[in-house]
Each structure stands twice: as structure tokens, then as C-alpha cells.
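What follows is a set of notes on a single structure, which appears directly below.
Each ligand, and each atom within it, is numbered from 1 in the order the structure gives.
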Amino acid sequence: MSDLYDLIVIGAGPGGYVAAIRAAQLGMKAAVVEREEKLGGTCLRVGCIPSKALLETTELFEKSRHQFAERGIIARDVSVDLPKMMAHKDGVVAQLDGGIQGLLKKHRIDRHFGHGRLLGDGKVEVAAESGTVQLSGQHILIATGSVSTSFPGMEPDGDRIGTSTEALSWPDVPNHLVVIGAGVIGLELGTVWRRLGAKVSVLEYLPRILPGTDSQIANEAQKILQKQGMEFHLGTKVQNVSADGQSCRVEIDGNAPIECDRVLIAVGRRPCTDRLGLDQAGVDTDQRGFIRVNSAYRTTAPGVFAIGDVIGGAMLAHKAEEEGIACVENLATGHGHVNYGNIPGVIYTAPEIASVGETEDDLKERGHEYRVGRFSFAANGRARAAGHTEGFVKVIADAENDRVLGVHIIGAHAGELIAEAAVAMEFGASSEDIARCCHAHPTLAEAVKEAALAVDKRDLHS
Ligand code: NAD
């Protein structure tokens, strides 16, 4: 059997399924090929969404234990029903999967279940247990994402030593969890299990946490997370991880080994290109395995495009979505663009950490002159009322023309607050523009306005 499509998307993650929807909106006959039963990719199945469900739920638990009493709420004997917590998370995933299935139907996008492989000449093989089909497409879009990576001596064993996938579904709370890697995944999932009662030790190779994040924000995050009980061992090189029955042993360069009962390996992700037929189709990759593309997301094979984690850059669902849309719009209209300087990033610890644009570290390194305005949530009325006084907003503006170059926030709802900064920056706003905009009172967003005022040392409440 051979079906002819305008666009075949391999991989139905946020990059792939959104690209298919946009293609359908633009009048293309589109199909998605996905080997997992559920749509939505890593983000929905074993990433952003289930981790946020667990983070939201465990935050409620933590608040009930540490914040209710001081605000006059008496909640005795609050405890965790872990299977129910996991079932809630799985329910959220199932609902959203159903939503994507519905969206594909609505846009008349065919879903082909099975492993997709490029055969060259616009052909894609889809292999499933039930059989193999061949599809033909004028354009093929690879949106296969990424998978967790590990190092020799540090391989997941599917049981005690896990990646983010397993750590989203452990059946019991570890007594002592060792997290390898103080990146986004390590801190988010470390937070979940710490709140549920585990001792959490984070081992990080670098001398700091959250590489790439503005270092002032990362330092503040470390202080707050330590206060919450997370333990950090920075500048720590893990040599070997092994498990024996219920216990694990983490061997460290120059230090005594650590015994624990679970290990989370969170040392990054690699492009997912296994058995994709890249060589056969003539699709080149770089030395790290990422698919090479040009500015229109064209690979080295005619008619084959790629977007999202598999081409490198920030491994973020929304970056993949923007690329998918730009790629398809380019095909249909000749125009499509992603502003890589303005992609927000959010880390869903408590408090949240959110950034957009350049960090102070980047600017210093480049010798670019800038001014900084900072405002603490401790001086914000809404934050006080809600008990969210930790953290601050930092606005960085060009010293010469005041254009906002970056905004970095650590504080409650930072992930929502950063949207204002991203919109402002997209319109080329100056810090004065943000400072002159009326912000509702009392809101956390007033801290963004105050930080913008602080660039010119005109903040009103500090
Ligand atoms: P990461 O790259 O964010 O962090 C990995 C950390 O592991 C780094 O700090 C690195 O220095 C450290 N490391 C590497 N090798 C080590 C070793 N041998 N010993 C000790 N430390 C070591 O990777 P991640 O946390 O696995 O996340 C993967 C990707 O997924 C990232 O690109 C991230 O942005 C993305 N992600 C994003 C979100 C979000 O947006 N909220 C959530 C989860 C994941």
C-alpha cells in the first residue's frame, strides 16, 4: 500500500504534531508517523506534562505540611497515597493524548502507528507488529526528538538506576535518592522526590548548578533548594554507578562512594535518530549526532526536513513547535521564522526559574555594556500575601539604547511572568517601555515593572 501526502511527519511530539496541524491549516494533506501508542512525544508522555502534574501535586503536599499551620489552617495527618498520585498524573497524560488525537482528526491528519524509517525518494516505511506499510510524501519532516543520555559506567538498569522516564513512575519513595546532574531534570524531579520524603543528593560535575542559566539566578536557586533540604555536591565527577538488590553505590572521583537506594541519571539528552534510515536517505548529522539543517530546516536530502531536539539547540517543546510552524509555513508560503534570541525557558522548581534573552554572564563575556534593574518579591504586596517572598526579577537593558536584552526571574509563577518579558522583547521594548506600562495591583507582575524601573534606579518600593 502506498499513500501520497504533501507532508509526512515522523514523530508526533509537540514539534511534529503542531507542524502537521499547521500544514493542514495551510491546505496540505498531512500524516504523522508515531511508534508510541500515545501522541505528544516525550513532553506529554514522559516529560513536561507528567513532571508538572507531580510537581503541582507534591507542592500541595509540601504546603500542607509547612505553610498551612502558620496561616491558621489545621490539617492533621496529611499523608501521601503514591499510587493515587501517579494515577492522577497518568490521567492528565491520557486526557491530553485524547486531545491531540481529536485535533488530528479535526484537521484530517492521518495517524500511522509504527516505527518510521526513511527509504529515500520521498518514501517512508512504517513498521508495526501488525505489519509494514509504505507511505510517499512530497515533503518529509523528521521530528523524532531526543532520548536521555548516559555515560559508560553510568547506565540505567531499568530498576534502581533510572532516567527521568522511570523517575516519573517509581512505585515507592526512596530513602536516599542520588541525582546525577544539576540540570533542569535533576532539580525538577529531585524536588518531587524530596517533597515526598526522600533525602536527595545532587552530584554535579561543574562547580555550579544549572549551566547556561544566569549565574546570579542559579546561585539564588541553589541557596533556596539547599534550604528546602536538597544536598549539592558540586565539582563532583561520578565514575561508576551500580545496583545490587535494593541498594545502589555511586563511586566518585577522589571521594568516598555514596550508598543510596535509587539513582536518577539526568546528564542530558541526545538526538533520537536510531533506525531512521538517515544514511540511506542521504541525511547528514554533525559529530554529536544532530541532524544538520539550513535556515529553512532542510536537511542534506532533497525533500527531507528536520526540527526540534533532533537538530540541536535548546531542547524545549516550545522551540520545537516554533520550528515546526516556521518550517511548514516556509514550504507553503516561502516565509517562516524563529527568533532564537527570544525563546523563554522555565524550570518548575519552587520557586520557579524563568529566563528569556541574554544572561549577564553572556554580556560580560562579550564585553557588551548593559544596565541591570533588580526587584525582590519580598517587597511585592501580592507575593507577601501569598507567602511567595523568595526570589527576584532581573531586567538587563542595553547601556546605550535601553533595549531589553534579557529578563531573568526566580520566584513564584516566574514561568507565567516571563511571557510579558518575551512579548516586550519581541516588540523591541526598552526597560522604560515596560516601566511605563500600567501593571495591575496587587500582582506579582508589578515586580517586573519595578525591576524595569530599577534599571534607571527609579524603583518605587525598594
Ligand atoms: P541538562 O543539560 O539541563 O543538565 C545536565 C547536567 O548534568 C549538567 O549540569 C551537566 O554539567 C551535568 N553532568 C553531565 N555529566 C555529568 C557527570 N558525569 N557527572 C555529574 N554531572 C554531570 O540536562 P537534563 O537536566 O538531563 O535535561 C535535558 C534536556 O531536557 C535539557 O536540554 C533541558 O533543557 C530539557 N528539559 C527542559 C525542561 C523544562 O523546560 N522545564 C524540563 C526537563 C528537561
Audit row: Ser247, Asp261, side chain to side chain contact (heavy atoms under 4.5 Å, CB included) steps and yes/no: CA-CA 4 Å; Ser247 69; Asp261 51 349; 5.6 Å; no

Verdict with supporting geometry, Leu234 and Gln222, side chain to side chain contact (heavy atoms under 4.5 Å, CB included): CA-CA 11 Å; Leu234 303 181; Gln222 189 183 336; 3.6 Å; yes

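Looking only at heavy atoms of the protein, atom 16 (C) of ligand 1 is closest to Val267 CG1, 3.5 Å. The shortest contact between atom 4 (O) of ligand 1 and any protein heavy atom is with Gly183 CA, 3.3 Å. Ranking protein heavy atoms by distance to atom 5 (C) of ligand 1, first place goes to Ala266 O, 3.3 Å. Atom 38 (C) of ligand 1 has its closest protein heavy atom at Val184 CG1, 3.3 Å. The shortest contact between atom 43 (C) of ligand 1 and any protein heavy atom is with Ile185 CG1, 3.3 Å. Of all protein heavy atoms, the one lying nearest to atom 32 (O) of ligand 1 is Met315 CB, 3.4 Å.
Polar contact check, Arg269 against ligand 1: no nitrogen or oxygen pair lies under 3.5 Å apart. Any N or O atom pair closer than 3.5 Å counts here, and Tyr205 shares at least one such pair with ligand 1.
Contact of the Leu44 side chain with the Leu39 side chain is not registered, since no non-hydrogen atoms from C-beta on lie closer than 4.5 Å. Side-chain contact between Arg249 and Asp244 is absent, with no heavy-atom pair separated by less than 4.5 Å. In this structure the side chain of Val407 never reaches within 4.5 angstrom of the side chain of Ile396, judged on heavy atoms. Side-chain atoms of His176 and Ile258, non-hydrogen and from C-beta on, do get closer than 4.5 Å to each other. Looking at Trp170 and Leu264, their side chains come closer than 4.5 Å, going by heavy atoms from C-beta outward.
Here the shortest heavy-atom distance to atom 26 (O) of ligand 1, taken over Ser150, Ala314, Gly268, belongs to Gly268. Relative to atom 41 (N) of ligand 1, the option among Leu206, Ile347, Ile265, Val346 with the closest non-hydrogen atom is Val346. The option from Met154, Glu204, Lys237, His233 that lies nearest to atom 17 (C) of ligand 1, judged by heavy atoms, is Met154.
Those atoms of ligand 1 that come under 4.0 Å of a heavy atom in Tyr348, given as number and element, are 41 (N). Residue-ligand proximity, Phe151 to ligand 1, at heavy-atom distances under 4.0 Å covers atoms 15 (N), 18 (N). Ligand 1 places these atoms under 4.0 Å from at least one heavy atom of Leu316: 40 (O). Close approach of ligand 1 to Gly181 (heavy-atom distance below 4.0 Å) involves ligand atoms 6 (C), 7 (O), 12 (C), 21 (N). Proximity to Ile180 (heavy-atom distance under 4.0 Å) selects the following atoms of ligand 1: 19 (N), 20 (C). Per-residue contacts place Pro211 under 4.0 angstrom from the following atoms of ligand 1 (heavy atoms of the residue considered): 8 (C), 9 (O). Of all the atoms in ligand 1, the ones that sit under 4.0 Å from a non-hydrogen atom of Leu203 are 20 (C), 21 (N).
Between the side chains of Thr149 and Arg270, no donor N or O sits under 3.5 Å from an acceptor N or O. Side-chain contact, Thr359 with Lys364: no donor N or O sits under 3.5 Å from an acceptor N or O.
Within the model, atoms CD of Glu352 and CD1 of Ile418 stand 11.0 Å from one another, a figure rounded to the nearest 0.5 Å.
Annotation: cation-pi pair Arg374/Phe392 present, NZ/CZ under 6.0 Å from the ring centroid and within 45° of its normal.
The closest approach between a heavy atom of Gly345 and any atom of ligand 1 is not below 4.0 Å.
A side-chain hydrogen bond (donor to acceptor under 3.5 Å, both in side chains) with Lys394 is found for exactly one of Glu360, Glu220, His408, namely Glu360.
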